[in-house]
Amino acid sequence: MRYQWRLSSERGVPVESYKRIIIEDIKQHVPSAEIALEVPPDPKLGDLALPCFPLAPVLRKSPAAIAADLKGKIGQHDFIDKVEVVGGYLNFYLNRTTVIRDTVNAILAEGQSYGSSGSGRGKRALVEHTSINPNASPHVGRARNALIGDSIVRMLRFEGYDVEVHYFVNDVGKQIAMLVLGAEGRESVTFDELLGVYVDINRRVEEDPELEKKVFALLSRLESGDEDAIKSFRQIVDVCIDGQTRILGELGIRYDVFKYESDYVSRGVTGEILGRLQATGKLEKDTDGRFVLNLEGYDLPSRAPYVVLTRADGTSLYPLRDIAYTIDKVLTGRNPNIVVLGEDQKLYFQQVRAALDILGYAAPVSVHYSFVLLPDGKMSTRQGTVVLLEDFMKEAVAKATEEMEKRHGEADEAIAKAVAYGAVKYAILKVANERNVTFDWESALSFEGDTGPYLQYCHARINSIIRRAGGELPAGADFSVLTEDIEFELAKELAQFPSAVSQAVAECSPHIVANAAARVARAFSTFYNQCPVLNADDERVRDARLLLCASVKQVIGNGMSLLGIDPVESM
RNA sequence: GCGCCCGUAGCUCAGUGGAUUAGAGCAACGGACUUCUAAUCCGUAGGCCGAAGGUUCGAGUCCUUCCGGGCGUACCA
């Protein structure tokens, strides 16, 4: 299907250009003030409003008087039906036909890029996310990192950025060394066995200090370049990474670059960083013989202004390896340079930022999210209350399959997966980053209401209408025949979508997109139940509604793709 | 103890540089499928926006204190 549309308004989002025009009009009379329009709480009060309260001190008149004054100063525009003064507000009633027509035309013209401001065209960005301890299968808490990160990647690409996605692989360190030790003597270890191995060795190390010494000895051998150590570490890490990327890949989450911590050690980068820090005079050797970085003056909320970079035996600690890697990322010149981290890493990343500052680099931007909790409290590996992402996915697929069989007698595997994963992703992405997600199976596996499948369902229903219309859309339509309130409300929701995307991008907050898409879907469902499309009495109404539906499909589809939710044609 | 984040309907969550009457979903109750997919829609009920002060003509939104939860607070990553 190809669309050839002429935009009746200038390029971009119609409602935004209406706002610009109105603001221009007002500025001619009150040039000094900041003018901002907002959307009234009730459609009865109009579609756009100017609160005149902030102007009162400037003009030294009452808001109501200012509103009354300005009312006469608004020029004649085809998109404005009437302007009314209510209290201190100047309320604008937009012309329904113009809004619907301009919005639908803009959407069909811009298609997959409707909602994008193009802010990233010609620019390069970098996003690091997931980077989890490779010791086992990710639980839904860890998955939140990958989901948020992946959505940010999608949003940036939507904005036009060339994005490089990074995964920083933790293949050094105590935890991995313990895994290597725990797996010693085994022929091979599968990904699913890792958690058991890890729990077991953890217990043994706690009980036996001698064993812990062996762990550190192993680490030391690795860092000094011992071939056997390197080989056995790499073997375990490969199992971890394969397992994790298989699960995340199943959800459509992919990475461009895997950087290994060990690489920064073996290439001598960590040593070099240490040398450069030494030259700044901020690096100190403490009484235990460890290298610590003095962060005095950075006002960090920690008891002691130090970050420890090495063990006494000279082996590197995570912060040092991460500093080396982070500098590497900075040197790519990509901007924005984003890293997604749990809220437990807030202070830690301030330390990294300080370390980079000492070396003269600007640190990446960190996006933090809060942990996923269970209704009874935290997830605990020891109490066995963690919900593994893979289990969540499997349960969701089972339920989606069951629902499809109930409805159609059979289930399409690909669609069942799309619906299931849509539910999984939406359940986590709909919550604002800084809030804890409360995970309970019942609502997480719900396909009704404010869920991923709700979006997919709307999309599928519209597709069904278009299919029954013969797959062809009318070349144009007379939108003045769309007189129902809900048709106008729906168009306004569609028009709102781009500013939601812009905000979501600016704040790295996928939940804003989730909400915006859900609003459109809700408005559509109301419309759907109230307004027949193919069965409309009038051919002109049919055509106009068909194009309205096609725009809704596009917008919901764009929203879903930003969340990484697969649109389905039927379900 | 100190620092950061969160506290909105029974439950899960929205709420845009303060601004016209605080919104959804789930659960509950009552309705709507011979009509484009009922994974839907419509209606009813449900709120001292954690508490108390403060700033403002105006506060869920800003400030202070307190309470509750999450996360930190050098030798894990």
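Chain identifiers are assigned alphabetically (A, B, ...) following the order of the sequence lines, protein sequences preceding nucleic acid strands; residue numbering begins at 1 within each chain.
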Under-4.0 Å side-chain N/O to phosphate OP1/OP2 contact, A/Lys378 with B/C71: yes

Ring geometry between A/Trp441 and A/Phe439 (parallel below 30°, tilted from 30 to 60°, perpendicular above 60°): perpendicular

Pairing partner (Watson-Crick or G-U wobble, both distances under 3.5 angstrom) of B/C71: B/G3

Validation row: A/Leu179, A/Cys240 side chains within 4.5 angstrom (heavy atoms): yes

Of the listed nucleotides B/C71, B/G69, B/A77, the one nearest the side chain of A/Asn436: B/G69

Residue whose closest nucleotide on RNA chain B lies nearer the 5' end, A/Met404 versus A/Phe439: A/Phe439

Nucleotide nearest A/Leu347 (side chain, heavy atoms from C-beta), chosen from B/A39, B/G25, B/G72: B/G72

A/Tyr264 versus A/Ser316, side-chain donor and acceptor atoms under 3.5 Å: no

Any-strand Watson-Crick or G-U partner of B/A28, both distances under 3.5 Å: B/U44

Spacing of A/Glu442 atom CD relative to B/U12 atom P, expressed in whole Å: 12 Å

Polar side chain donor-acceptor pair, A/Gln175 to A/Tyr198, under 3.5 angstrom: yes

Length of the CD-C1' vector between A/Glu448 and B/C41, whole Å: 13 Å

A/Leu548 side chain reached by A/Phe527 side chain, heavy atoms, under 4.5 Å: yes

Close side-chain approach of A/Cys458 to A/Ser525, heavy-atom, < 4.5 Å: yes

Spacing between A/Arg545 atom CZ and B/C36 atom P, to the nearest angstrom: 15 Å

Whole-Å gap separating P (B/C26) and NZ (A/Lys430): 10 Å

A/Lys214, NZ atom: more than 12 neighbouring heavy atoms under 6.0 Å: no

A/Arg311 side chain near B/A77 phosphate (N/O to OP1/OP2, under 4.0 Å): yes

Touch class at under 4.0 angstrom, heavy-atom based, for A/Val419 against every strand present: base

Candidates A/Ile273, A/Val265, A/Leu309, A/Asp263 - the one meeting side chain to side chain contact (heavy atoms under 4.5 Å, CB included) with A/Arg321: A/Val265

Counter-base of B/G53, judged by Watson-Crick or G-U geometry with both distances under 3.5 Å: B/C63

Closest contact, heavy atoms only, A/Cys531 versus A/Glu484: SG-CG, 4.0 Å

Listed nucleotide nearest any side-chain atom of A/Tyr89, set B/A19, B/A24, B/A77: B/A19

Touch class at under 4.0 angstrom, heavy-atom based, for A/Cys531 against every strand present: base

Nearest-Å distance for atom pair CG/P, residues A/Leu374 and B/G70: 12 Å

Euclidean distance for C1', B/C13 against B/A22 (whole angstrom): 14 Å

Non-hydrogen side-chain atoms of A/Arg542 and A/Leu546 separated by less than 4.5 Å: yes

Gap in Å between the two P atoms, one belonging to B/G69 and one to B/C29, rounded: 34 Å

Minimum-distance nucleotide to A/Phe371 side chain [options: B/U35, B/A77, B/C71]: B/C71

Between P of B/A39 and CG of A/Asn529, the distance in whole Å: 11 Å

pi-stack flag for A/Tyr348 and B/G72, centroid dist under 5.5 Å, interplanar under 30°: no

Sugar-phosphate only, base, or nothing, as touched by A/Ala56 at under 4.0 Å among non-hydrogen atoms: nothing

Inter-nucleotide C1' distance (B/C71, B/C76), Å rounded: 16 Å

Exceeds 12 heavy-atom contacts within 6.0 angstrom, atom CZ of A/Arg60: no

Under-4.0 Å side-chain N/O to phosphate OP1/OP2 contact, A/Arg468 with B/U37: yes

Touch class at under 4.0 angstrom, heavy-atom based, for A/Asn515 against every strand present: sugar-phosphate

P-based separation of B/C5 from B/A45 [nearest Å]: 39 Å

side-chain N/O A/Arg435 vs B/G7 OP1/OP2, d < 4.0 Å: yes

Aromatic plane relationship, A/Phe349 with A/His368 - under 30° parallel, 30 to 60° tilted, over 60° perpendicular: perpendicular

Conformer about C1'-N of B/C29 - syn within 90° of 0, anti elsewhere: anti

Gap in Å between the two C1' atoms, one belonging to B/G17 and one to B/U12, rounded: 29 Å

Touch class at under 4.0 angstrom, heavy-atom based, for A/His368 against every strand present: nothing

RNA chain B contacts among residues 452-464 of chain A, heavy-atom distance under 4.0 Å: A/Tyr454, A/Tyr457, A/Ala460, A/Arg461, A/Ser464

Whole-angstrom distance between B/U16 and B/C57, as gauged at atom P: 23 Å

Watson-Crick or G-U wobble partner of B/U37, both distances under 3.5 Å: none

Residue-phosphate contact under 4.0 Å: A/His408 side-chain N/O, B/U37 OP1/OP2: no

Span that lies between the P atom of B/G23 and that of B/C42, in whole angstrom: 16 Å

Closest nucleotide among B/U12, B/C36, B/U20 to the A/Thr438 side chain: B/U12

Any residue of residues 291-307 of chain A with a heavy atom less than 4.0 Å from an atom of RNA chain B: A/Val292, A/Pro301, A/Ser302, A/Arg303, A/Ala304, A/Tyr306

First of A/Glu569 and A/Lys44 reached from the 5' end of RNA chain B, by closest nucleotide: A/Lys44

Whole-Å gap separating P (B/C71) and CD (A/Gln350): 18 Å

Residue A/Val308, side-chain heavy atoms: nucleotide from B/A77, B/C36, B/A74 that is nearest: B/A74

Distance in angstrom units between A/Gln345 CD and B/C76 C1', rounded: 10 Å

Closest nucleotide among B/C71, B/A77, B/U21 to the A/Leu317 side chain: B/A77

B/C2 and B/A39, which share atom name C1', separated by this distance in whole Å: 50 Å

A/Asp171 side chain to A/Val237 backbone, donor-acceptor under 3.5 Å: no

Sugar-phosphate, base or nothing in reach of A/Asn91, heavy atoms under 4.0 Å: base

Any donor-acceptor N/O pair under 3.5 Å between B/A39 base and A/Arg407 side chain: yes

Pairs satisfying salt bridge (charged side-chain N to carboxylate O under 4.0 Å, His left out), at least one member in residues 452-467 of chain A, at least two apart: none

A/Ser131 side-chain N/O to B/A77 phosphate OP1/OP2 under 4.0 Å: no

